[in-house]
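Comments concern the structure below.
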Amino acid sequence: MRIVLVGPPGAGKGTQAAFLAKNLSIPHISTGDLFRANISQNTELGQRAKAFMDAGDLVPDEITIGMAKDRMEQPDAANGFLLDGFPRNVSQAEALDAMLTDAGMKLDAVLDLEVEEDEVVKRIAGRRICRNDSAHVFHVSYAPPKTDGVCDTCGGELYQRGDDSEGTVRNRLEVYHTQTEPIIDYYKAQGLLRTISALGDVQDVTQRAMDALKK
Ligand code: ADP
C-alpha cells in the first residue's frame, strides 16, 4: 500500500505511522525525521534546511522534493510506503503524483488525522522525544516516562524539539492552515481521503486508522 498521512503538527502522525507501518509491513518515511537526521549529521542538506525548520516554516520544495524522492526510490519502498509529513503543500502533492505516475504507481489512501487546535498546542508543549528513535514519544503529563528524561523503550535521552517551543508552534499551525490544509481538498477530489479523529488512546486511534484504510 502507498499511504499519505496528513494532520496538524501534534496530531500524532509520527506515533501512528510507527504502528501502521509495522502492521502493514511498509516503511515509515518521515521528511521531518530525514531533515533532523541530516541536521545531526551536519550534511549540506541539513545546513540548508535548519533555519526553516527552527522558524517552523516549510523547507523549500527544491530541497524537500528531491530528498523525499530519493527515499521513496530505495528498495525497501518498492512495494509501498507510509508518508508522514510529505506532501505538505499542493505543489509537493503534484510532484508526488507525477513521480508515481512516471513509475506506473498510485496512492491507495490519504489518512487525515483530525484534532482541534487547543489539543494540539497542549500535546506539543509537553512532548518529549527520544534521541534514538523519534517514534518513541512521551508527554510530560499525558504519557510520562517512568524516569524523567529517559526513554522507557530503549533508555535513550528524551529531549524537547527546538521547533516545539510555543512561538514556533503558532507559526507551524499557521503554515499548516495556509499551506498544508489545501492538500486535503486536493486528495478529496481524487477520492482518496479518509478522515478519522485523532483523539483518545493511541491504540484506539490506530484501530480507527486500520478500519479506515480497509474501506
Ligand atoms: P510536525 O508534523 O510535528 O510539524 P515534522 O517532524 O513532520 O513535525 O516536521 C518538522 C519540520 O520539518 C517542519 O516544520 C518543516 O520545517 C520541515 N518539513 C518536514 N516535512 C516537510 C515538507 N514536506 N516540506 C517542507 N518542510 C518540511
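In each ligand, atom 1 is the first atom listed, and ligand 1 is the first ligand listed.
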I need the atoms of ligand 1 closer than 4.0 Å to a non-hydrogen atom of [X], numbered in the order shown.
| X | value |
| --- | --- |
| R36 | 6 (O), 10 (C) |
| K13 | 2 (O) |
| G85 | 20 (N), 21 (C), 22 (C), 23 (N) |
| Q92 | 22 (C), 23 (N), 24 (N), 25 (C) |
| T31 | 19 (C), 20 (N), 21 (C), 23 (N) |

Using a cut-off of 6.0 Å, state whether more than 12 heavy atoms not belonging to [X] lie near its atom [atom1].
| X | atom1 | result |
| --- | --- | --- |
| D70 | CG | yes |
| E62 | CD | yes |
| F19 | CZ | no |

Just to confirm my output: which protein heavy-atom neighbour is closest to atom 3 (O) of ligand 1, and how far is it?
R172 NH2, 2.9 Å
Atom 11 (C) of ligand 1: closest protein heavy atom, distance to 0.1 Å, is M53 CE, 3.6 Å
Below 3.5 Å, N or O to N or O, backbone or side chain included: is there any such pair between V59 and ligand 1?
yes
Do any nitrogen or oxygen atoms of R88 come within less than 3.5 Å of a nitrogen or oxygen of ligand 1?
yes
State, without any angle test, whether T168 and D163 hold a side-chain donor-acceptor pair at a distance under 3.5 Å.
no
With P8 as partner, the option from L173, V175, T180 fulfilling side chain to side chain contact (heavy atoms under 4.5 Å, CB included) is L173
Would you kindly check if the NZ (Lys) or CZ (Arg) of R123 is within the cone defined by 45 degrees around the ring axis of Y142 and under 6.0 Å from the six-membered ring centre?
no
Is the contact between [X] and ligand 1 made by the side chain, the backbone, both, or neither, using heavy atoms and a 4.0 Å cut-off?
| X | value |
| --- | --- |
| R127 | side chain |
| D57 | backbone |
| R161 | side chain |
| T64 | side chain |

Looking only at non-hydrogen atoms, which of F35, F52, Y176, F86 approaches atom 18 (N) of ligand 1 most closely?
F35
Quick check against the 3.5 Å criterion: does Q16 have a side-chain atom that pairs as donor or acceptor with the backbone of V202?
yes
L24 versus M1, closest heavy-atom pair with distance:
CD2-SD, 4.3 Å
Dump the intermediate steps for salt bridge (charged side-chain N to carboxylate O under 4.0 Å, His left out) on R71 and D76, then the final yes or no.
CA-CA 9 Å; R71 179 62 188 88; D76 67 331; 2.8 Å; yes
